[in-house]
Amino acid sequence: MAKLQAIRGMNDILPDQTPNWQYVEKCFQQAVHRYGYREIRFPILEQTQLFKRSIGEVTDIVEKEMYSFDDRNGDNLSLRPEGTAGCVRAADQHGLLFNQQQRLWYQGPMFRHERPQKGRYRQFQQFGVEAFGMAGPDIDAEVIQVSASLWQDLGLEKFLTLEINNIGSAEDRKRYAAALSAFLTFHADELDDDARNRMHSNPMRVLDSKNPAVQAALKTAPALIDYLSDESIVHYSDLKSLLSQVGIEFVESPRLVRGLDYYNNCVFEWTTDSLGAQGTVCGGGRYDGLVEQLGGKPTAAAGFAMGVERLVLMLDSLGKIPKATSQVIDVYMVVVGSELAGPAQLLAKQLRQQFPELGLINHCGGGKSSNQMKRAFKSGARLAIVLETESGQPLETVIIRHLNDSGESVSVEIANCGEKLAEFLSISE
RNA sequence: GUGACUGUAGCUCAGCUGGUAGAGCCCUGGACUGUGACUCCGGUGGUCGCGGGUUCGAACCCCGUCAGUCACCCCA
């Protein structure tokens with residue numbers, strides 16, 4: 001029978017890697033905490049309809065990347081491909097949005113059926129923040145600052161570029177899309193298949209094309225900026241001013257168009273060139289229409305999401321993960337002779353109760369003392385406690401040995417073991 | 001979904017134009033040792049991703065399939 005293996009694009013994260021993840025998670029939680037954001041948790045499964053109505057029917061995510069299926073009741077469900085839709089649904093369902101301001105964050109796995117490659121997986125982890133009930137550019141600036149402050153903590157600020165753009169209101173874009181669509185239709189013979197397919201369904205996505213021929217054809221295309229409302233323009237320039245005042249550098253990318261339909265006005269991405277083709281580490285913007293679109297009251301909103309795999313990858317390749325992040329064990333207990341198993345476990349239990357923070361491995365499986373010592377060194381523990389007696393004699397003393405170059409060791413009575421341990425490790429009860 | 005490259009012991013890889021598999025590391029037993037590291041001796045471990053085909057014979061050739069990597073695409 002063939003060996004079972006993980007589903008394509010869904011990775012196992014092994015003990016060697018988890019400390020890196022814990023480090024990033026800790027930094028993120030500190031960053032959002034500094035800005036007063038509170039955690040929200042919501043399901044991985046939702047009605048498929050939720051994602052269709054929020055992300056958009058004609059987006060790639062909904063059209064060909066969702067894990068959707070009928071459950072036993074015949075309801076059509078989907079694994080969440082992103083977090084914002086579920087967050088809005090949960091917050092609105094429980095009355096967190098009406099006439100209120102909310103600063104929320106979440107973290108968890110998302111699912112998209114794409115071809116895996118570096119920095120892109122079918123199950124991937126996102127951190128996100130969502131701010132509700134604040135319509136001004138100040139909250140846009142704050143949300144961007146949350147991310148910027150995390151880059152600073154992680155030491156990534158020099159490797160990331162902030163790109164921003166103003167994609168206008170839904171009405172602005174509707175008028176623009178009509179004009180662009182007309183232009184593209186007129187120049188259809190200069191476009192590739194991909195662009196031709198989109199010129200009616202989602203013409204703005206054509207602007208993103210990396211095909212030089214398509215980009216050449218777009219040279220004389222109508223520009224979104226000429227279709228923006230005054231309100232939108234003022235909001236955007238106020239945001240730029242705020243960013244400048246807090247010292248956040250940015251570049252304006254007129255071609256930055258997000259792939260999810262719910263965005264409006266200011267959108268942004270943090271990108272890097274140290275990750276290969278998947279250069280976007282974090283993306284977000286305003287989505288003032290989404291709450292209403294999902295059946296709630298009109299609610300201003302802004303947020304972002306970042307890909308944890310990409311962050312870990314980046315930190316790893318840049319050597320930015322502190323060595324001390326992996327949690328090391330403090331003590332390894334060497335037990336010579338099976339008759340000492342009982343006394344060893346009792347002593348270990350007492351020490352763990354006495355020092356709740358202590359990490360102690362009790363050797364299991366027997367074996368010669370020299371082999372057990374080998375394991376003690378390999379475990380990374382700072383101290384070894386050696387339990388050994390003349391055969392038949394009761395255990396009265398143990399040896400505590402430093403597992404460093406000094407190799408210094410002392411013999412202590414069992415009753416004093418904890419005291420000596422605390423002294424050597426400089427810990428308290 | 002498209003394309004290119006890759007798939008041999010737990011890990012990193014060798015294996016000449018086809019003749020039924022090797023190294024280093026790891027692990028493990030022993031010797032030595034000031035209860036680990038160095039050195040020496042021994043050992044476990046692979047139906048060569050999987051399935052077909054060509055051949056007297058395939059890890060090596062052909063087809064298919066699965067998986068990995070990278071790019072397109074897409075986005076976090």
Side-chain angles (χ1 to χ4, degrees), chain A residues 1-11 14 16 24 55 59-66 80-84 106-129 147 160 192-195 197-198 202 205 208-211 214 256-260 263 267-272 275-285 303-314 332 334-336 363 365 367-381 384-388 399-409 411:
Chain A
M1 186 168 154
K3 251 190 185 175
L4 259 34
Q5 54 187 357
I7 295 170
R8 185 133 124 109
M10 304 202 178
N11 295 328
L14 304 180
D16 277 351
V24 177
I55 297 165
T59 56
D60 279 10
I61 293 177
V62 167
E63 276 182 335
K64 45 196 186 194
E65 294 175 4
M66 280 214 291
R80 61 185 186 193
E82 58 102 45
T84 300
Y106 62 84
Q107 143 183 25
M110 308 297 163
F111 302 83
R112 272 135 73 165
H113 192 110
E114 300 181 90
R115 188 83 169 255
Q117 68 182 69
K118 187 177 188 179
R120 189 174 79 183
Y121 310 101
R122 291 183 173 178
Q123 174 174 338
F124 60 100
Q125 202 75 13
Q126 278 191 342
F127 292 136
V129 310
S147 55
L160 289 167
D192 58 16
D193 290 344
D194 204 38
N197 286 338
R198 283 181 176 144
N202 205 343
R205 296 284 306 289
D208 255 350
S209 173
K210 284 175 187 167
N211 185 334
V214 174
L256 175 60
V257 180
R258 314 240 62 239
L260 294 82
Y263 285 108
V267 296
F268 65 92
E269 280 185 10
W270 289 94
T271 59
T272 178
L275 271 183
Q278 306 303 321
T280 301
V281 162
C282 173
F304 67 70
M306 57 179 76
V308 186
E309 283 82 358
R310 291 181 187 180
L311 283 175
V312 172
L313 229 42
M314 218 182 142
Y332 195 99
V334 170
V335 187
V336 184
H363 180 86
K368 297 201 312 179
S369 63
S370 65
N371 286 334
Q372 291 193 35
M373 280 307 293
K374 252 190 222 177
R375 289 183 193 275
F377 276 95
K378 277 203 178 137
S379 75
I385 299 179
V386 182
L387 276 62
E388 188 170 22
I399 295 165
I400 301 181
R401 182 177 163 181
H402 288 267
L403 297 176
N404 54 21
D405 293 336
S406 80
E408 177 193 346
S409 66
S411 179

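Residue numbering restarts at 1 for every chain, and letters A, B, ... go by the order of the sequence lines. We use all heavy atoms of the structure for the numbers below, so side chains are in, but hydrogens, waters and symmetry mates are not.
- When the C1' atom of C73(B) is taken as reference, atom CD of Glu63(A) falls 13 Å away, rounded to whole Å.
- Annotation: G64(B) and U54(B) have their C1' atoms spaced 15 Å apart (nearest Å).
- Distance check on atom P: U20(B) versus C25(B) gives 27 Å, rounded to whole Å.
- Residues satisfying the salt bridge (Lys or Arg N to Asp or Glu O under 4.0 Å) test with Lys64(A), not counting sequence neighbours, are Asp60(A).
- Counting only N and O atoms by type, the side chains of Trp270(A) and Ser147(A) include a donor and acceptor under 3.5 Å apart.
- With hydrogens and angles left out, the side chain of Arg8(A) and the base of C66(B) share no donor-acceptor pair within 3.5 Å.
- With sequence neighbours left out, Gln123(A) forms a side chain to side chain contact (heavy atoms under 4.5 Å, CB included) with Met10(A), Pro109(A), Phe111(A).
- Partner assigned to U44(B) is none, using Watson-Crick or G-U wobble distances below 3.5 angstrom.
- The distance between atom CD of Glu114(A) and atom C1' of A76(B), rounded to the nearest whole Å, is 9 Å.
- In this structure, Gln117(A) does not reach the U69(B) phosphate: none of its side-chain N or O atoms is under 4.0 Å from OP1 or OP2.
- Using C1' as the reference atom, U8(B) and G68(B) are 15 Å apart when rounded to the nearest Å.
- Checking side-chain atoms of Arg122(A) against main-chain N and O of Pro116(A) turns up no donor-acceptor pair under 3.5 Å.
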- Base versus backbone protein contacts along nucleotides 4-11 of chain B [heavy-atom cut-off under 4.0 Å; B, S, -]: --------
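- Among residues two or more places apart in sequence or in another chain, the ring pair (Phe, Tyr, Trp, His ring centres under 6.0 Å) test is passed with Phe304(A) by none.
- Taking atom CE of Met314(A) as the reference point, atom P of A76(B) lies 17 Å away to the nearest angstrom.
- For the contact set between residues 372-380 of chain A and RNA chain B, defined by any heavy atom under 4.0 Å, the members are Met373(A), Lys374(A), Arg375(A), Phe377(A), Lys378(A).
- Listed nucleotides A67(B), A76(B), C72(B) differ in distance to Gln5(A); the shortest reach to its side chain belongs to A67(B).
- A salt bridge links Glu114(A) with Arg120(A); the closest basic N to acidic carboxylate O contact falls under 4.0 Å.
- Partners of Tyr121(A) by ring pair (Phe, Tyr, Trp, His ring centres under 6.0 Å), not counting sequence neighbours: none found.
- If you check distances only, the side chain of Ser370(A) never reaches the base of U35(B) with a donor-acceptor pair under 3.5 Å.
- If you take CG of Leu260(A) and C1' of C74(B), they are 11 Å apart, rounded to a whole angstrom.
- To the nearest whole angstrom, the two P atoms, one in U65(B) and one in A23(B), are 37 Å apart.
- Regarding Glu408(A), its CD atom lies at a distance of 19 Å from the P atom of G34(B), rounded to whole Å.
- Annotation: A59(B) and G15(B) have their C1' atoms spaced 9 Å apart (nearest Å).
- We find that CG of Asp60(A) is positioned 15 Å from P of U2(B), with the value rounded to whole Å.
- Using a 4.0 Å heavy-atom distance criterion, Glu65(A) is classed as a sugar-phosphate-only contact.
- Side-chain N or O atoms of Glu269(A) include none that pairs as donor or acceptor with a backbone N or O of Leu256(A) at under 3.5 Å.
- When the P atom is compared between U55(B) and C11(B), the two are found 36 Å apart, to the nearest whole Å.
- Closest to the Asn371(A) side chain, of the nucleotides C72(B), U35(B), G30(B), is G30(B).
- The C1' atoms of G52(B) and G42(B) are separated by 43 Å, rounded to the nearest whole Å.
- Taking atom P on both nucleotides, C62(B) is separated from C5(B) by 12 Å, rounded to a whole Å.
- Counting atom types as modelled, Arg120(A) pairs no side-chain N or O with a base atom of C70(B) as donor and acceptor under 3.5 Å.
- As rounded to whole Å, 12 Å separates atom P of A76(B) from atom CE of Met306(A).
- In this structure, CZ of Phe268(A) is placed 14 Å from C1' of C75(B), rounded to the nearest angstrom.
- Checking the phosphate oxygens (OP1, OP2) of C74(B), no side-chain nitrogen or oxygen of Lys118(A) falls inside 4.0 Å.
- A donor-acceptor pair is defined here as one N or O able to donate and one able to accept, closer than 3.5 Å; such a pair exists between the side chain of Ser379(A) and the backbone of Ala381(A).
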